[in-house]
Asker: 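Got a structure for you, questions after.
Chain letters run A, B, ... following the sequence lines, proteins first and then strands; every chain starts at 1.
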Amino acid sequence: MSKNLVIVESPAKAKTIEKFLGTDYHVMSSFGHIRDLADKGIGIDFENNYEPQYVVSTDKKKLVSELKKASKDAETVWLASDEDREGEAIAWHLYEELKLKKDSTRRIVFHEITKDAILHAIETPRDIDVNLVDAQQARRVLDRIVGFELSPILWRKVRPSLSAGRVQSVAVRLIVEREREISQFVPEASYRVNAIFSSVDSKGKPVELKAELPQRFATKVEALAFLETCIKAEFSVDDIVKKPAKKSPAPPFTTSTLQQEAARKLGYSVAQTMQIAQRLYEAGKITYMRTDSVNLSDLALGTSKAEIISMAGEKYVHIRKFNTKTKGAQEAHEAIRPTYMNAHTVEGTAQEKKLYELIWKRTIASQMSDAELEKTSIFISVSGSNLQFVASGEVIVFDGFLKVYMESTDDEQDTENESLLPSMKKGEKLSSVEIIAQERFTQKPPRYGEASLVRKMEELGIGRPSTYAPTISTIQNRSYVEKGDRAPEKREYNLLKLKAGKISDKIKEENTGAEKSKLFPTDIGTVVNDFLIEYFPEILNYNFTADVEKEFDNIADGKIKWTKSIDKFYKKFHPIVEDTMKNSERKVGERILGVDPKSGRQLSVKIGKYGPLAQIGTVDEEEKPVFASLRKEQSIESISFEEALELFKLPRQVGEFEGKVMTVAIGRFGPYIRHDSSFYSLPKTDDPMEVSTERAIEIIEAKREVEKNRIIKTLGENNEIQVLNGRFGAYFTFDGVNYKIFPKGTDPATLTFERCQELIAAQPEAANKKKPFGRKAAAKSDKKEKAQTKAKTTKAKATKAKK
DNA sequence: CAGTGAGCGAGCTTCCGCTTGACTT
């Protein structure tokens with residue numbers, strides 16, 4: 001039995017540390033927090049000075065009893081959770097729950113997992129910082145109060161099962177407001193002028209030079225006037241300016257910057273990035289992946305230096321210490337870096353390799369020299385005008401860190417690759433090849449993607465490295481926000497071109513506004529957001545978290561008692577909750593669009609039981625209202641009167657077939673024809689408003705034909721196996737499960753019952769190999785989770801009933 | 001697997017932050 005028990009938060013960390021400490025130390029992991037506020041009810045005793053009611057989480061019961069046993073057997077227990085607010089609280093909860101003794105308990109901390117750091121920590125133990133623990137209790141209780149008092153208001157006033165909270169509601173707000181900025185955006189046009197000049201170099205070889213006019217023209221008249229003067233103008237090199245410039249590497253990765261770069265460079269979602277990073281961490285390949293620190297350990301700096309020298313030479317080394325700029329960063333860990341800097345790559349899946357290499361490059365680059373550039377600008381004067389063209393070029397004099405890594409940016413539209421310019425002399429005459437004035441429009445603000453939302457949240461100090469990915473899935477799971485694409489729209493622009501002394505004037509077309517994998521607010525998200533902003537502006541304020549963080553700091557510094565701080569908040573907050581519950585109106589986002597010209601009744605849109613709907617008439621009229629669902633891409637906020645009216649043209653009857661009517665409508669899976677209680681999907685090429693009787697019959701018969709050919713044969717005494725024709729070729733089903741037929745080229749007609757049994761036996765492995773990511777898997781796990789909690793609650797109910 | 005949208009109003013839902021598995025199609 002070991003004399004010492006060390007408890008850390010992460011099992012991977014436990015494994016590493018145990019190696020450093022030797023046989024006298026047994027290292028165990030708490031797997032994060034071991035207990036939390038009680039889940040039934042609010043878990044806070046308001047009568048008793050906000051006393052938190054902590055319970056050991058059900059999935060931690062077994063672990064806690066193991067820890068308890070191990071702590072009893074040990075002479076000394078070392079609480080080595082992270083050195084931040086949550087870590088301190090974890091230590092305290094362990095102390096309380098394991099009923100540890102003060103004399104035999106030590107609190108130690110280290111921010112890097114190196115032998116020196118850990119041995120040093122063991123030599124310098126301290127007590128649990130009660131003030132820091134209290135700051136965490138205040139954080140926890142505040143979040144519980146906000147979440148559990150706001151959510152029920154939404155259940156009553158908007159829709160059941162909704163949620164609100166300090167972090168998620170602000171995240172949704174960002175997206176709703178961005179969407180409004182975009183829809184209110186009015187693009188402004190101006191004319192940008194580019195020119196191509198030609199000359200000959202010293203050897204008499206012709207060279208071309210691209211230049212741009214820094215000024216833009218507001219109107220076509222001005223642009224045209226400038227081109228007119230260019231017809232007769234002489235062009236000459238007025239000045240050549242060379243300026244040295246520097247580029248510095250970005251700091252090593254934090255959780256947030258890793259998520260952004262992995263999204264930009266590798267196209268991963270934030271959840272994906274975290275899953276892959278977790279695997280690399282567990283395999284000991286990288287340091288901890290949930291961190292807000294850009295700091296590297298001395299060990300890492302040393303090995304990086306050695307690596308750079310062997311790779312590129314001494315002059316590429318520039319050791320740097322980065323400082324975090326992030327609001328509220330707690331810096332309990334190092335930056336995300338490779339464990340061993342000399343490993344340029346790792347074994348593993350393609351995704352793991354790519355992410356690892358990204359981390360390796362970023363880390364190495366952060367310790368490399370600046371890149372040195374020379375920027376050249378050639379100013380070209382135009383006779384008869386005081387405007388000047390500018391040609392700019394950039395040459396890398398010394399590549400420095402660019403040898404391994406360049407950070408990406410979000411706006412990749414300005415990819416004018418500035419390169420080497422031909423050498424020119426002052427006063428040199430140039431002739432113009434062509435000069436183009438192109439109408440350009442100001443850009444809409446971009447929608448947030450997952451990673452750019454994380455960046456914004458981090459900037460506002462909202463959320464923590466461990467919660468970025470979960471928060472993003474929460475707001476999507478609650479259907480406040482949807483990830484989606486937007487097809488580009490065509491836009492006309494004007495192009496004026498001066499060539500060979502003539503100006504041409506053309507209208508051209510460009511694509512604009514295409515978006516991929518961006519976050520869009522849903523109607524329910526918008527309605528909930530507007531409701532919360534109306535009644536709880538303080539909580540939804542972007543600075544709310546920053547303000548309460550200051551308060552928590554004061555608690556941590558011992559300047560104020562946590563219960564006092566919470567009391568101050570609650571006394572203000574709770575009355576508003578009560579008042580809103582009593583006096584606010586139900587919010588369904590109703591918009592009245594006008595009057596239906598046919599019936600003369602009111603046309604409106606709102607959120608209904610099953611989602612957004614349009615409605616003709618009102619419930620208080622004698623005649624019942626008529627309803628129609630909004631299409632997937634429509635929203636209450638932006639739908640027009642005409643578009644809403646259009647919805648009522650379906651379902652529409654398209655005639656009779658075999659004595660039964662055929663109706664065309666649009667359902668969850670798109671347009672369909674219903675006939676004799678069967679459904680027939682409309683091909684994309686058919687417009688549901690136009691489909692004729694003949695065409696509808698054609699579609700029905702086509703599907704029947706496919707159905708007829710679907711069954712190849714049936715096998716087994718009760719036909720329990722069916723061999724069928726599917727979209728991807730023949731397959732067979734048994735007991736509701738589909739099975740592949742192999743080897744390839746097998747004639748399905750020759751299959752026997754016995755052969756099918758063999759194939760069934762062979763399939764489970766094949767099915768297990770493919771692990772799909774994404775919506776399906778997520779929806780599944782969500783469902784399961786729900787089922788589990790349901791089981792839990794029914795169980796709880798049963799035990800209650802027994803009592 | 002495609003329709004619904006009043007009601008009797010049961011009993012349910014919900015937060016943030018710290019950690020990893022547990023499941024199948």
Asker: Given dT14(B), dG17(B), dT13(B), which nucleotide is nearest the side-chain atoms of Pro160(A)?
Answerer: dT13(B)

Asker: If you draw a 6.0 Å radius around CD in Glu585(A), do more than 12 non-hydrogen atoms from other residues or ligands fall strictly inside?
Answerer: no

Asker: Who pairs with Ser565(A) by side chain to side chain contact (heavy atoms under 4.5 Å, CB included), at least two apart in sequence or on another chain?
Answerer: Glu551(A), Ile555(A), Ile560(A)

Asker: Report all interatomic pairs (protein N or O, nucleotide N or O of nucleotides 18-21 of chain B) with separations under 3.5 Å.
Answerer:
{"from": "dC18(B)", "atom 1": "OP2", "to": "Ser466(A)", "atom 2": "OG", "distance (Å)": "2.7"}
{"from": "dC18(B)", "atom 1": "O5'", "to": "Ser466(A)", "atom 2": "OG", "distance (Å)": "3.4"}
{"from": "dC18(B)", "atom 1": "O3'", "to": "Glu9(A)", "atom 2": "OE1", "distance (Å)": "3.2"}
{"from": "dC18(B)", "atom 1": "O2", "to": "His33(A)", "atom 2": "N", "distance (Å)": "2.5"}
{"from": "dT19(B)", "atom 1": "OP1", "to": "Tyr288(A)", "atom 2": "OH", "distance (Å)": "2.4"}
{"from": "dT19(B)", "atom 1": "OP2", "to": "Tyr288(A)", "atom 2": "OH", "distance (Å)": "2.6"}
{"from": "dT19(B)", "atom 1": "OP2", "to": "Arg290(A)", "atom 2": "NE", "distance (Å)": "3.0"}
{"from": "dT19(B)", "atom 1": "O5'", "to": "Tyr288(A)", "atom 2": "OH", "distance (Å)": "3.4"}
{"from": "dT19(B)", "atom 1": "O4'", "to": "Gly32(A)", "atom 2": "N", "distance (Å)": "3.4"}
{"from": "dT20(B)", "atom 1": "OP1", "to": "Ser10(A)", "atom 2": "OG", "distance (Å)": "2.8"}
{"from": "dT20(B)", "atom 1": "OP2", "to": "Gln278(A)", "atom 2": "NE2", "distance (Å)": "3.4"}
{"from": "dT20(B)", "atom 1": "OP2", "to": "Arg290(A)", "atom 2": "NH2", "distance (Å)": "2.6"}

Asker: Salt bridge check, Lys606(A) against Asp523(A): does any charged N sit closer than 4.0 Å to a carboxylate O?
Answerer: no

Asker: Within the 3.5 Å criterion, strictly below it, is a donor on Tyr288(A) or Gln278(A) matched to an acceptor on the partner's side chain?
Answerer: no

Asker: Looking at the side chain of Ser629(A), which of dT4(B), dT14(B), dG3(B) is the nearest nucleotide?
Answerer: dT4(B)

Asker: How many Å lie between OH on Tyr480(A) and C1' on dC15(B), as a whole number?
Answerer: 12 Å

Asker: dA6(B), dT14(B), dG5(B): which one has an atom nearest the side-chain heavy atoms of Lys624(A)?
Answerer: dA6(B)

Asker: Atom CG of Leu142(A) and atom P of dC15(B): how far apart are they, to the nearest Å?
Answerer: 15 Å

Asker: When all nucleic acid strands are considered with a 4.0 Å heavy-atom cut-off, which category describes Arg156(A): base, sugar-phosphate, or nothing?
Answerer: nothing

Asker: When you measure from the centre of the six-membered ring of Phe148(A), is the NZ or CZ of Arg144(A) under 6.0 Å away and within 45° of the axis?
Answerer: yes

Asker: Would you mind reading off the distance between Asp36(A) atom CG and dG17(B) atom P, rounded to a whole angstrom?
Answerer: 12 Å

Asker: For dG17(B), does either OP1 or OP2 sit under 4.0 Å from a side-chain N or O belonging to Arg144(A)?
Answerer: no

Asker: Which dot-bracket string describes DNA chain B (Watson-Crick N1-N3 plus N6-O4 or O6-N4, or G-U N1-O2 and O6-N3, all under 3.5 Å; [ ] crossing; | other strand)?
Answerer: .........................

Asker: Take atom CG of Asp292(A) and atom P of dG17(B), then tell me their distance rounded to the nearest Å.
Answerer: 12 Å

Asker: May I ask you to check if Lys703(A) and Tyr680(A) form a cation-pi contact, with NZ or CZ under 6.0 angstrom from the six-membered ring centre and within 45° of the axis?
Answerer: yes

Asker: Rounded to the nearest angstrom, tell me the gap between atom CG in Asp620(A) and atom P in dG7(B).
Answerer: 12 Å

Asker: Against the six-membered ring of Trp92(A), is Arg35(A) placed for a cation-pi contact (under 6.0 Å from the centre, within 45° of the normal)?
Answerer: yes

Asker: Between Lys660(A) and Asp676(A), does at least one N-O distance fall below 4.0 Å, as a salt bridge requires?
Answerer: yes

Asker: Starting at the 5' end of DNA chain B and moving along, which residue's nearest nucleotide shows up first, Glu149(A) or Thr471(A)?
Answerer: Glu149(A)

Asker: Could you work out, with ring-ring contact (aromatic ring centres under 6.0 Å, His included) as the rule, every residue matching Phe648(A), not counting sequence neighbours?
Answerer: none

Asker: Looking at every strand, decide which applies to Ala164(A) at a 4.0 Å heavy-atom threshold: base, sugar-phosphate, or nothing.
Answerer: sugar-phosphate

Asker: Just the rounded figure in Å: distance from P of dA6(B) to CD of Gln615(A).
Answerer: 8 Å

Asker: Quick one: side chain to side chain contact (heavy atoms under 4.5 Å, CB included) partners of Thr287(A), sequence neighbours excluded?
Answerer: Glu334(A), Arg337(A)

Asker: Look at all strands and tell whether Ser81(A) reaches a base, only sugar-phosphate, or nothing, counting heavy atoms closer than 4.0 Å.
Answerer: nothing

Asker: What does Ser681(A) touch in the nucleic acid at a heavy-atom separation under 4.0 angstrom: a base, only the sugar-phosphate, or nothing?
Answerer: base

Asker: At 4.0 Å (heavy atoms only), tell me whether Val167(A) reaches a base, stays on the sugar-phosphate, or touches nothing.
Answerer: sugar-phosphate

Asker: Would you kindly check whether a donor in the side chain of Ser161(A) faces an acceptor in the base of dT13(B), or vice versa, at under 3.5 angstrom?
Answerer: yes

Asker: Tell me which pairs pass salt bridge (Lys or Arg N to Asp or Glu O under 4.0 Å) where either residue lies in residues 7-16 of chain A, with sequence neighbours left out.
Answerer: Lys13(A)-Asp82(A)

Asker: Describe the nucleic acid contact of Arg166(A) in one word from base, sugar-phosphate, nothing, applying a heavy-atom distance below 4.0 Å.
Answerer: sugar-phosphate

Asker: Out of dC16(B), dG5(B), dT14(B), which has the shortest distance to the side chain of Pro152(A)?
Answerer: dT14(B)

Asker: Quick one: Arg159(A) CZ to dT14(B) C1', roughly how many Å, whole number?
Answerer: 15 Å

Asker: How many Å lie between CG on Leu630(A) and P on dT4(B), as a whole number?
Answerer: 15 Å

